[in-house]
Trainee: 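First the structure, which I've put down as structure tokens, then a few questions once you've had a look.
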Amino acid sequence: MITIATWNINGVKARIETALEWLKQDTPDIVCLQEIKSVDEAFPREPFEALGYNVVTHGQKGFNGVAILSRFPLEDATPRLPGDDGDEQARFIEAVISVDGGSLRVVSLYLPNGNPLGTEKFPYKLGWMNRLEAFAADRLGLEEPLVLAGDYNVIPEPRDAKNPQDWVNDALFQPESRGAFRALQSLGYMDALRACNDAAGVYSFWDYQAGAWQKNNGIRIDHLMLSPQAADRLTACEVVSRVRAWDKPSDHVPVVASFDFQPLPN
DNA sequence: ATGACAAGACTTTCTTGA
């Protein structure tokens, strides 16, 4: 069994103690991190390595930035979503893990927020989603297990928000954003959480402001999208909401999927 | 009511985020 998590930690330096505590408690095998807010040279690799993780990062100064932690060796770590060589924002890294029967590909992605509407930020989001769809379509040709894990900044459906009406003028809930997310599903990628849990009220983000956590005023925007070969091995998926109540929390919590894969002995 | 929090940076005020 292999567990793969996605978690927007909102700053790796500010969150290091919280992150290490969760890793010690739940011992995920692979963790896709977003919003590390650190350049690669300043990423605190050592405390993660001390817990047995290999670390690959693609960071930038001040904001954005993604990383993958893995108990198994990470091969061919490749930053940047193809399709726009002029895009300097650090939002994507792919790596490969050897498992029984071949390669398991894992992507940590931080999809653009897109707010406010009416600025260049929203078309940047939609363009990034088009590039992600093209990447996902291309990868289908490999016929390999692939997990596209990350902060998608998309509320897929009304049941994914406590108060959907609050989001109708927000980039996260625009028809174009939701349609681009559905395009991944139309290609054949499966939303891991929805494969396991059909209930409303499952959230991965609660704003720091206005007592959103205390009111359970949340949204589900952190997703693991699975290629058919990954979906075939899915055994469970859940949101780790208890982390949101800890001291110094991120505004996001981890989402963890379990798979019937065996890592290869190294 | 674009308020409220939080993190990071050429910081004591700004940008960015959702």
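In what follows, chains carry the letters A, B, and so on, assigned in the order in which the sequence lines appear, proteins first and then strands, with residues in each chain numbered from 1.
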Trainee: Measure from the side chain of A/Lys13, starting at C-beta and using heavy atoms only, and say which of B/dG8, B/dA18, B/dA6 lies closest.
Mentor: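 The answer is B/dG8.
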Trainee: Name the nucleic acid region contacted by A/Asp151, choosing base, sugar-phosphate or nothing; use a 4.0 angstrom heavy-atom cut-off, strictly under.
Mentor: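 A/Asp151: backbone/sugar contact only, no base atoms under 4.0 Å.
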Trainee: Which part of the nucleic acid does A/Asn113 contact within heavy-atom distance under 4.0 Å: base, sugar-phosphate only, or nothing?
Mentor: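 Base contact.
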Trainee: Rounded to whole Å, how long is the line connecting atom NZ of A/Lys248 with atom C1' of B/dA7?
Mentor: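 Those two atoms, NZ and C1', are 8 Å apart.
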Trainee: Enumerate all atom pairs, one protein N or O and one N or O from nucleotides 14-16 of chain B, separated by less than 3.5 Å.
Mentor:
none

Trainee: When the P atoms of B/dT16 and B/dC10 are considered, how many whole Å apart are they?
Mentor: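 Straight-line distance between the two P atoms is 13 Å.
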Trainee: How many whole angstroms separate atom CG of A/Asp170 from atom P of B/dG17?
Mentor: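 Computing the A/Asp170:CG to B/dG17:P distance gives 13 Å.
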Trainee: Counting the atoms with a prime plus P, OP1 and OP2 as sugar-phosphate, which does A/Arg220 contact under 4.0 Å by heavy atoms, base, sugar-phosphate, or nothing?
Mentor: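 Answer is nothing: A/Arg220 stays at 4.0 Å or more from every strand.
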Trainee: Please measure how far the C1' atom in B/dT2 lies from the corresponding atom in B/dA18, and state the result in whole Å.
Mentor: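 Nearest-Å result for B/dT2 against B/dA18 at atom C1': 12 Å.
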Trainee: Are A/Trp206 and A/Trp167 linked, directly or through other ILVMFWY residues, by side chains that come within less than 4.5 angstrom of each other?
Mentor: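 No; tracing contacts between hydrophobic side chains, which count when under 4.5 Å, never links both residues.
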Trainee: Side-chain donor-acceptor pair under 3.5 Å between A/Asn54 and A/Ser70, yes or no?
Mentor: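 There is no such pair (donor and acceptor under 3.5 Å, judged by atom type) between the side chains of A/Asn54 and A/Ser70.
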Trainee: Mapping A/Asn169 and A/Leu111 to their closest nucleotides on DNA chain B, which lands nearer the 5' end?
Mentor: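 Closer to the 5' end of DNA chain B: A/Asn169.
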Trainee: Partners of A/Thr119 by side chain to side chain contact (heavy atoms under 4.5 Å, CB included), sequence neighbours excluded?
Mentor: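 Testing A/Thr119 for side chain to side chain contact (heavy atoms under 4.5 Å, CB included), a comparison that skips the adjacent residues, returns A/Pro116, A/Lys121.
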Trainee: For A/His223 and B/dA18, give me the distance from atom NE2 to atom C1', rounded to whole Å.
Mentor: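 Value for this atom pair: 13 Å.
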Trainee: In whole angstrom, give the distance that lies between atom CD of A/Gln174 and atom P of B/dA18.
Mentor: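 Distance check: A/Gln174 CD to B/dA18 P gives 16 Å.
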Trainee: Where the side chain of A/Lys61 is concerned, which of B/dC10, B/dG8, B/dA18 is the nearest nucleotide?
Mentor: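 Selected nucleotide: B/dC10.
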Trainee: So does A/Val55 get a backbone contact from the side chain of A/Arg45, meaning a donor-acceptor N/O pair under 3.5 Å?
Mentor: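 Indeed, once roles are kept as given, a pair shorter than 3.5 Å links the two residues.
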Trainee: Consider the side chain of A/Arg91, meaning its heavy atoms from C-beta on, and name the nucleotide among B/dG8, B/dG17, B/dA18 that approaches it most closely.
Mentor: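 Looking only at heavy atoms from C-beta outward on A/Arg91, the closest nucleotide is B/dG17.
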Trainee: Could you check, using the six-membered ring where one of them is a Trp, whether A/Trp22 and A/Trp7 have ring centers closer than 6.0 angstrom?
Mentor: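 A/Trp22 vs A/Trp7: aromatic centres under 6.0 Å.
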Trainee: How close or far is atom C1' of B/dG17 from atom CG of A/Asn8, stated in whole angstroms?
Mentor: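 So the two atoms are 9 Å apart, to the nearest Å.
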Trainee: Could you point out which residue of A/Phe181, A/Phe205, A/Tyr110 forms a ring-ring contact (aromatic ring centres under 6.0 Å, His included) with A/Tyr152?
Mentor: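 It is A/Phe181; the other options fail the test.
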Trainee: When all nucleic acid strands are considered with a 4.0 Å heavy-atom cut-off, which category describes A/Asp222: base, sugar-phosphate, or nothing?
Mentor: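 The residue A/Asp222 makes no contact with any strand.
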Trainee: Could you state the atom-to-atom distance from CG of A/Asp251 to C1' of B/dG8 in whole Å?
Mentor: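 Result: 14 Å.
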Trainee: On the six-membered ring of A/Tyr203, is A/Arg220 placed so that its NZ or CZ lies under 6.0 angstrom from the centre and within 45° of the ring axis?
Mentor: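 No, cation not above the ring by the 6.0 Å, 45° rule.
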Trainee: Taking the nucleotide of DNA chain B with the closest heavy atom to each, which residue, A/Ile221 or A/Pro249, is nearer the 5' end?
Mentor: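 The residue whose closest nucleotide sits nearer the 5' end is A/Pro249.
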Trainee: Say you pick atom P in B/dA1 and the same atom in B/dA6; how far apart are they, in whole Å?
Mentor: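 Here B/dA1 and B/dA6 have their P atoms 26 Å from each other.
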Trainee: Separation of A/Asn153 atom CG from B/dA18 atom P, in whole Å?
Mentor: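 Checked: the CG to P distance equals 4 Å.
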Trainee: Measure from OH on A/Tyr208 to P on B/dA6 and round the result to the nearest Å.
Mentor: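 Rounded to the whole Å, the gap is 7 Å.
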Trainee: Whether the side chain of A/Gln174 engages the backbone of A/Val168 through a donor-acceptor N/O pair (distance < 3.5 Å, no angle test) should be reported.
Mentor: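 Flag set: sc A/Gln174 to bb A/Val168 pair under 3.5 Å.
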Trainee: Using a heavy-atom cut-off of 4.0 Å across all strands, would you classify A/Tyr110 as base, sugar-phosphate, or nothing?
Mentor: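 Touches sugar-phosphate only.
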